[in-house]
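What follows is a single structure, written as structure tokens, with notes after it.
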Amino acid sequence: PISAPEPFDPQVLRLYSVLRRQGIDPKRHQGWARVRRGVWVKAGTWAGLTPEQRHAARAHALTLVCDPDRSWTFTHETAAAVWGLPRIEPWPDAVRTLVVGTRRRGSPGVRPTPGLDVVAEVVHGIRVTPVARTVVDLARSGSLPTAVAAADHALRHGLCTRDDLAREADAVPRRRRGRPQAALVVDLADGESMSSGESLSRVQMFRLGVPRPRLQVRHEDAQGLIGIVDFDWDGVVGEFDGKLKYKVPEGATPEEAAEILWQEKQREDRLRRRDNRVARWVWADAMRPKSMVTILGEQGIRP
């Protein structure tokens, strides 16, 4: 199994006031990056963070500089970032906080969001909505691809169960905005999906009316295991070619890089010899339904 990514570690954050006492002015030093007003991090550390980790860093930074007696609970995409859930669209700059009952005005970089009360969980010292609630919130208010990608990731890494998701979706009051889409996300979610690109691809297939494929199917021949394919329609294999599939290890020689590509070609040739047609697509194709329907249709998979 693929190990779950580590959540953002707030230990790398530094208060401006503390840095100044140490004789460091991050505003005048290129070695520091500003997370939000009053909170900084080393520029090299910031450069190495993923987009979701940067968003999570903004949530941690908010708790460092704002009212320490206030019990912030982060929700929606901010809770997703803290949990390490993926997102298809760009991450927003403002963090989302849960507001139950009386509305509160926002402040720079903070978006108060009304919602039902919840028993929050603590991740690295800050309160967030539980994973299943977070996924359902994303489903109700955001895009279907992001919600499915988050649900797939949560199931794949054991952060919640399908029953957890179903209970949260069912708990949404009837006639409330987003209830049908929350139920749809529960139906589409699959822990066998191995990347956000594969999740996005499956959402496009659903929207196009393409038959639902089986995921992570083993293929063998007389030589043994050929490989485990991303999508399978009994005679047609689908492969999402994300960045990781052909990733060459750092420091690899040109010969080693060529060998990785050669092995993948050999794998595809073996699949074809087993009377499989192979459809391949990349992220740009998955973002465009017309491209997906063309690529799949050429191999006989049609709406």
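Scope of the values below: all heavy atoms of this structure, side chains included, with no hydrogens, waters or symmetry mates. What you see is a predicted model; the values in this text were computed from it and never measured.
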Please verify the inter-ring angle class for Tyr16 with Trp40; under 30° counts as parallel, over 60° as perpendicular, anything in between as tilted.
tilted
Set out, in order, the CA-CA distance, both residues' side-chain angles and the distance that settles side chain to side chain donor-acceptor pair (under 3.5 Å) for Arg270 and Gln223, then state yes or no.
CA-CA 10 Å; Arg270 289 170 66 189; Gln223 298 175 340; 3.2 Å; yes
Hey, is the main chain of Leu188 close enough, under 3.5 Å, to the side chain of Arg202 for a donor-acceptor pair?
yes
Rounded to the nearest 0.5 Å, what's the gap from CZ on Arg133 to CG on Leu165? Could you check?
13.5 Å
Among Thr78, Thr129, Thr75, the one residue meeting side chain to side chain donor-acceptor pair (under 3.5 Å) with Thr134
Thr129
What is the distance from atom OG of Ser195 to atom CH2 of Trp283, rounded to the nearest 0.5 Å?
7.5 Å
Treat each ILVMFWY residue as a node, draw an edge where side-chain heavy atoms are under 4.5 Å apart, and state whether Leu208 and Trp233 are in one component.
yes
Are Leu184 and Val136 linked, directly or through other ILVMFWY residues, by side chains that come within less than 4.5 angstrom of each other?
no
Apply side chain to side chain donor-acceptor pair (under 3.5 Å) to the pair Gln53 and Thr50, showing each step before the final yes or no.
CA-CA 5 Å; Gln53 287 172 332; Thr50 63; 3.3 Å; yes
Atom CZ of Arg207 with >12 non-hydrogen neighbours under 6.0 angstrom
yes
Within-4.5 Å side-chain heavy-atom neighbours: Trp72 and Leu62
yes
Should Val131 and Val122 be regarded as members of a common hydrophobic cluster, given that ILVMFWY residues are connected when their side-chain heavy atoms come within less than 4.5 Å of each other, either directly or indirectly?
no
Flag the pair Val217 / Ile228 as yes when at least one side-chain heavy-atom distance between them is below 4.5 Å, and no otherwise.
no
Distance-only, no hydrogens or angles: does the Arg140 side chain make a donor-acceptor pair with backbone N or O of Val135 under 3.5 Å?
no
Any side-chain to backbone donor/acceptor pair from Arg302 onto Gly297? Under 3.5 Å, distance only.
yes
Would you say His29's side chain and Gly31's backbone share a donor-acceptor pair under 3.5 angstrom?
yes
Report yes or no: do Asp232 and His219 form a side-chain donor-acceptor pair below 3.5 Å?
yes
Chi angles and distances behind the side chain to side chain contact (heavy atoms under 4.5 Å, CB included) call for Arg36, Val110
CA-CA 11 Å; Arg36 68 169 288 124; Val110 182; 4.2 Å; yes
Determine, stepwise, if the pair Phe8 / Arg54 fulfils side chain to side chain contact (heavy atoms under 4.5 Å, CB included).
CA-CA 8 Å; Phe8 172 77; Arg54 289 187 178 189; over 6 Å; no
Looking only at non-hydrogen atoms, find the nearest pair between Ala139 and Ala147 and report the distance.
CA-CB, 3.6 Å
Please lay out, stage by stage, how Trp281 and Ser291 fare under the test side chain to side chain donor-acceptor pair (under 3.5 Å).
CA-CA 9 Å; Trp281 60 91; Ser291 182; over 6 Å; no
Where Val100 and Gly115 come nearest, the two heavy atoms and their spacing
CG2-O, 3.6 Å
Is Arg96 salt-bridged to Asp137, cutoff N-O under 4.0 Å?
no
Sub-4.5 Å side-chain heavy-atom contact between Glu239 and Val229:
yes
Between the main-chain N or O of Asp164 and the side-chain N or O of Glu168, is there a donor-acceptor pair closer than 3.5 Å?
no
Say whether, by atom type as modelled, one donor and one acceptor occur between the side chain of Glu121 and the main chain of Val128 under 3.5 angstrom.
no
Side-chain heavy atoms under 4.5 angstrom apart, residues restricted to Ile, Leu, Val, Met, Phe, Trp, Tyr: same cluster for Ile295 and Met205?
yes
Point-to-point distance, once rounded to the nearest 0.5 Å, from CD of Gln299 to OG1 of Thr294
12.0 Å
Measure the acute angle between the ring planes of His124 and His60, then classify it against the limits of 30° and 60° as parallel, tilted or perpendicular.
perpendicular
Run the salt-bridge test on Arg179 and Asp170 with the 4.0 Å N-O cut-off and return the result as yes or no.
yes
Sub-4.5 Å side-chain heavy-atom contact between Trp83 and Val123:
yes
Under the side chain to side chain contact (heavy atoms under 4.5 Å, CB included) rule, what do Val12 and Trp46 come out as? Steps first, then yes or no, please.
CA-CA 9 Å; Val12 299; Trp46 184 254; over 6 Å; no
Verdict with supporting geometry, Asp190 and Arg214, salt bridge (Lys or Arg N to Asp or Glu O under 4.0 Å)
CA-CA 10 Å; Asp190 195 323; Arg214 291 182 296 145; over 6 Å; no
Nearest-0.5 Å distance that lies between atom CD1 in Ile88 and atom OG1 in Thr146
5.0 Å
Kindly determine whether Leu15 and Arg20 satisfy side chain to side chain contact (heavy atoms under 4.5 Å, CB included), including the steps that lead there.
CA-CA 9 Å; Leu15 287 171; Arg20 291 296 290 143; over 6 Å; no
Mark yes or no for whether Arg87, through its side chain, and Pro90, through its backbone, hold a donor-acceptor pair below 3.5 Å.
yes
Closest non-hydrogen atoms of Ala189 and Asp152, given as atom of the first, atom of the second and distance, are CA-OD1, 3.3 Å
Hey, quick one: are Met287 and Trp91 part of the same hydrophobic cluster, counting side-chain heavy atoms closer than 4.5 Å, chains of contacts allowed?
no
Using a 3.5 Å distance criterion without hydrogens, assess whether the side chain of Glu52 forms a donor-acceptor pair with backbone atoms of Val82.
no
Could you tell me if Arg34 sits above the aromatic ring of Trp32, with its cationic atom closer than 6.0 Å to the ring centre and no more than 45 degrees from the axis?
no
What is the distance from atom CG of Leu155 to atom NE2 of His153, rounded to the nearest 0.5 Å?
10.5 Å
Are any non-hydrogen side-chain atoms of Val118 and Leu98 less than 4.5 angstrom apart?
yes
Among Val186, Leu138, Leu144, Val172, which residue satisfies the side-chain contact (heavy atoms from CB on, under 4.5 Å) criterion with Gln181?
Leu144
To check you understand the geometry: which heavy-atom pair defines the closest contact between Pro92 and His55, and what is its length?
O-ND1, 3.0 Å
Is the closest side-chain heavy-atom distance between Gln216 and Asp230 below 4.5 Å?
yes
Least distance between heavy atoms, Ala59 atom then Val95 atom:
N-CG1, 3.7 Å
Heavy-atom side-chain proximity of His76 to Thr113 below 4.5 angstrom
yes
Count the heavy atoms belonging to other residues, nucleotides or ligands that lie under 6.0 Å from CD of Gln30, then report whether that count exceeds 12.
no
Do Arg218 and Glu220 sit within salt-bridge range, that is, some charged N less than 4.0 Å from a carboxylate O?
yes
Heavy-atom closest contact (Leu19 atom, Pro26 atom, distance):
CD1-CG, 3.8 Å
Could you give the distance from OG (Ser193) to CZ (Arg156), rounded to the nearest 0.5 Å?
6.0 Å
